[in-house]
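Scope of the values below: all heavy atoms of this structure, side chains included, with no hydrogens, waters or symmetry mates. Convention: sequence-line order gives letters A, B, ...; per-chain numbering from 1. Not measured: the values here are computed from a predicted model.
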Amino acid sequence: MLRLDSRLLVSVGLGLLAGCGAGPPPPSGGSPADANPPFQFEDARAAAGIDFPLDFTKPQEPGIRESIGHGAALLDADGDGLLDVLLTGPDRVALYRNRGNWRFETVPEAGFRQPGFWQGAAVGDVNGDGKPDLFLSGYGCSALYLNRGEGRFTDATRGSGLENNRSGSWQTSAAFADVDLDGRLDLYVTRYVDLAGKSGLCSYLKGSLSTACNPLQFSPQQGRLYRGVGAGRFTDVTDAMGLMGHHGNGLGVAFGDINSDGYPDLYLANDQVACDLYLNQGGRRFTEIGLTSGTSFNAEGSTQAGMGVDFGDYDDDGREDLVVTNFQREPTSVYHNDGAQLFTNAAFTSHIGGATTGGVGWGVKWADLDNDGRLDLALVNGHPLYRVHQLDPASTERQRFQLFRNEDGRRFSEALSVGPDLPRALSGRALCVGDLDNDGRLDLLLPDIGGQPLLLRNTTPGGRHWLRVRLSGVGTEGAVVTLQAGGRSRIRRATTGGSYLSASDPRVHFGLGELSSVDFIEVRYPGGKRFRMASPAVDQEVTALAQ
Amino acid sequence: MPPATRRSPKRPPATAPRGEWPTGAAPAPLPKRRNRLPLLLAASVGLLVVATPFSVLWPPLLERLPDSMLEREAAAFPRDPWPRIVLGERRLAAGKPREALEQFGKVPEGTSLARLGLDLAEATLASGLPERARDLAIQLEQMAPQSAVRHRILGESRVAMGDYSAGMAELEQAVRLDPSDPKAYLALAQARIEFEGPRPATALLLEQGLAKCPASNPGIRYLLADVYVMVGRYEEAESLTANLDREGEPAAPPERALFARAQFARGALLRRFRPDRDRRYLSRESLETALRILPEYPDAHFELGMLFADETTWRAAADQFEMATSLRPYAHPVWFHLARAQRRLGLSADAVRSEARFRLLVETFERVNSENRWLDEHPGDHLRRLKLAELLLNRQDLDAAAGQLDLLAAALPADPRAAALRRRLEQARAVRGGGSDASPR
């Protein structure tokens with residue numbers, strides 16, 4: 001006994017000598033961006049009169065269906081030159097007409113069916129009348145609405161070829177593009193998983209927690225490509241166009257042109273399976289090049305929980321790059337287009353990857369938020385698991401949205417403060433970008449599935465110059481605008497698509513920084529028509545007419 | 001996988017158990033040591049000093065004696081087990097378990113000490129004999145039922161034998177019984193990482209360990225830094241490894257392996273988090289340090305390859321990826337990036353082969369996970385285990401396949417299908433050169 005006790009004492013003594021109590025070093029300080037926030041926003045939602053609260057935890061514990069969230073769109077529904085706001089939810093679709101000066105009013109006579117678990121929204125002129133029409137997707141529901149003007153819509157779903165009457169058919173994001181350049185808009189609709197009649201609610205922690213199941217527990221559903229045949233009618237051409245082999249579990253979709261051949265290519269952000277990049281072969285067929293191009297997997301070469309996606313040329317090298325949001329602890333993928341159908345995942349070298357592992361990313365858009373001439377990045381986060389902190393004490397359902405300033409075309413810095421009480425935590429899913437007050441600064445709409453949406457008015461100071469291009473006429477979706485100024489050119493795509501369950505401003509916005517003059521703008525419409533305008537005045541919106 | 005950590009000679013377990021050997025394979029008990037105190041009191045002081053072992057005269061001093069004096073002490077008092085025990089523990093701490101076993105083998109026959117039993121079990125485990133270590137730990141149950149060390153050895157043995165659920169349960173018990181033992185945290189955390197990948201709960205476990213016994217063993221901090229990197233908490237990993245270059249490189253292999261892991265973590269975070277030229281330079285330094293310590297560290301080769309790829313030095317990147325694929329041929333991300341580098345180098349045919357390998361591994365990855373989960377819940381489903389072993393062989397995951405075949409051999413010793421798979425395994429190992437994947441993970 002003496003021997004053992006003595007040894008114990010010695011060990012205690014040695015332990016004390018070794019010194020206990022030094023915990024981990026304190027975390028390092030914040031980003032230099034803190035000191036000089038590049039962006040300024042204020043939440044204008046309450047004063048604007050938009051009242052669209054969501055609570056995905058009611059009326060019952062949310063399963064996978066509820067966790068996927070709801071969408072939004074910015075569209076000039078009434079043709080008054082101001083973007084209106086559309087929001088979707090469970091058994092609710094609402095249009096808020098923009099009356100100017102950050103005042104909105106509901107349009108009860110908009111004509112939307114309310115019953116349905118509405119999720120995604122896509123905007124495009126499907127009948128060539130110059131007015132934006134609307135496609136809504138959801139769980140067991142879909143709708144095509146033709147715009148009659150004055151913020152009123154006609155339900156044209158029946159007979160359109162876009163019906164989704166099967167109760168288990170789960171349509172998520174959707175995007176329009178003229179994939180065969182025939183002058184008529186086509187539509188891609190992603191589909192998620194087949195719940196096979198189940199709730200999508202799973203038990204964790206020995207039954208003490210019910211929340212969303214892992215999607216890998218269900219069979220994937222395959223998205224569909226619908227070819228527009230005119231007058232708001234569509235034909236399913238998924239098989240004929242070679243799109244049946246994709247991986248399913250689709251959540252996000254975007255069209256871009258990775259090889260600048262004029263034909264829109266297709267990217268599908270799939271959840272926990274390989275993502276798909278389809279190269280458009282002259283409008284006749286698509287070929288999947290996700291693996292060989294380097295865009296199917298995340299920065300580490302693993303499958304990712306693909307959610308939102310957007311194309312944009314963030315380094316102004318004339319080639320469209322890609323961003324794909326994904327799950328917590330996975331870096332947001334930033335695929336730099338190197339040409340020759342090869343991409344490099346620049347998640348870490350861009351500094352975006354290292355700053356996005358803390359949240360679950362959903363909606364995402366490239367947008368020049370400070371008008372310095374470079375595309376910044378906005379993305380919204382929110383954990384899909386209800387009461388996730390019980391499973392992971394370091395996580396919360398509500399997570400702050402993130403804005404990244406493009407520093408030099410290669411690297412980004414996160415703005416940790418972007419206004420009073422911002423960035424605020426929310427259960428974010430969709431994200432839309434557009435200039436809601438036409439002041440030359442891009443605003444943001446961020447629905448919250450656990451509360452009221454954020455309508456973020458861009459108040460970034462600086463007086464930088466800008467130019468906005470409105471494309472008038474038919475067949476403008478997917479047009480590419482080139483702007484030449486200050487000895488360099490940059491391209492932007494006119495599209496409402498990208499992000500997640502969302503549709504954004506179709507107009508093309510260029511920040512110009514200190515440049516007060518522009519050499520020219522040139523618009524290349526799908527199909528090859530061109531429009532060129534020399535020396536347009538800055539700080540205004542110009543209209544480009546297809547010739 | 002090298003063992004996580006081994007016992008420190010300066011820190012015997014706080015609840016050092018005592019008692020008798022259980023009957024069975026253990027040495028037969030000797031008569032209890034006679035209490036020599038009355039005799040010593042009667043003897044002269046000089047005789048006392050000369051004729052009394054240190055272990056009786058002043059037990060703490062024994063722990064501090066140099067090896068040479070301990071050897072003399074052991075020779076002078078051959079019936080005293082303690083010099084040999086201390087010498088063995090020192091060998092064990094130095095990462096020389098076989099030498100430790102030699103020392104323990106010289107302990108007088110019939111010595112009945114729980115500490116010796118635990119030392120034997122630990123050295124046996126460290127010698128790569130988990131089944132024998134498990135049996136020893138089980139035999140010690142009566143002698144040391146509440147010993148945290150015994151539960152840890154039992155847990156580590158079971159994990160090494162592929163029985164993760166039972167092993168992790170033992171390791172959790174070890175942490176509960178002695179929340180200040182860093183080795184229990186390390187063993188449990190490593191088992192969890194191997195079993196389910198990096199999870200926030202593992203970071204939390206190590207944070208608790210760091211708070212309870214922070215400075216006594218930097219291994220927890222090293223492993224936590226690696227876990228932080230794996231779960232994308234780069235800022236916290238950077239804090240933990242900020243002074244790594246000023247810390248001495250540990251001598252014992254297990255601690256060196258953890259140090260290498262921390263160097264890998266630092267290299268990875270510097271490449272991934274706010275990288276610039278300076279940080280990439282430091283990243284390369286850390287990764288090369290990790291590889292100097294553990295030349296066959298596939299994660300470090302992979303990360304170094306990624307660093308070269310970031311700098312578009314594709315030949316160097318491909319070399320590192322090839323090294324990583326040779327060490328861990330079942331890791332699909334490496335094949336993905338190897339194919340990418342080969343495409344940049346214009347090696348299209350090689351890239352196609354790498355992509356085919358990548359596709360196979362991706363397509364079977366989730367199946368391996370689900371089969372493992374199933375077998376964890378249904379350990380008696382031998383047919384599924386056979387299929388899993390075959391799948392693992394197809395993926396070139398030889399260590400995992402061997403683990404499954406070991407379990408099958410215990411359950412179905414004469415099964416011809418298992419024997420055929422075992423032959424395939426041996427052939428594959430011969431082709432690869434006989435080693436395991438050598439990863440610290």
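If you measure heavy-atom distances from B:Phe365 to chain A, you find no contacts under 4.5 Å at all. For A:Ser350, no part lies near chain B; criterion is any non-hydrogen pair under 4.5 Å. With a threshold of 4.5 angstrom between heavy atoms, A:Thr356 does not approach chain B through any atom at all. Neither the backbone nor the side chain of A:Ala274 comes within contact range of chain B, judged by heavy atoms closer than 4.5 Å. Looking at A:Phe343, the atoms closer than 4.5 Å to chain B (heavy atoms on both sides) all sit in the backbone: N, CA, C or O.
Interface with chain A: from residues 335-343 of chain B, residues B:Phe336, B:His337, B:Arg340, B:Arg343 qualify, criterion being any non-hydrogen pair under 4.5 Å. Residues of residues 388-397 of chain A that come within less than 4.5 angstrom of chain B, heavy atom to heavy atom, are A:Asp392, A:Pro393, A:Ala394 in numerical order. Interface with chain A: from residues 306-313 of chain B, residues B:Met306, B:Asp310 qualify, criterion being any non-hydrogen pair under 4.5 Å. Within residues 348-361 of chain B, the residues having any heavy atom under 4.5 Å from a heavy atom of chain A are, by residue number, B:Glu355, B:Phe358, B:Arg359.
Contact tally against chain B (heavy-atom pairs below 4.5 Å) for A:His351, A:Gln328, A:Glu330: the top residue is A:His351. For the options B:Arg233, B:Arg344, B:Arg271, heavy-atom pairs under 4.5 Å to chain A are most numerous at B:Arg344. Contact tally against chain B (heavy-atom pairs below 4.5 Å) for A:Ile352, A:Leu216, A:Thr344: the top residue is A:Thr344.
The two residues A:Arg411 and B:Pro275 come nearest to each other via the heavy atoms NH1-O, 3.8 Å.
By the 4.5 Å heavy-atom criterion applied to side chains, A:Ser413 and B:Arg274 are not counted as neighbours.
Here the side chain of B:His332 pairs no donor or acceptor atom with the backbone of A:Ser302 at under 3.5 angstrom.
Summarising the local packing, OH of A:Tyr204 is surrounded by more than 12 heavy atoms from other residues, nucleotides or ligands at distances under 6.0 Å.
For B:Arg272 and A:Glu300, the salt-bridge test passes: some basic side-chain N is under 4.0 Å from an acidic carboxylate O.
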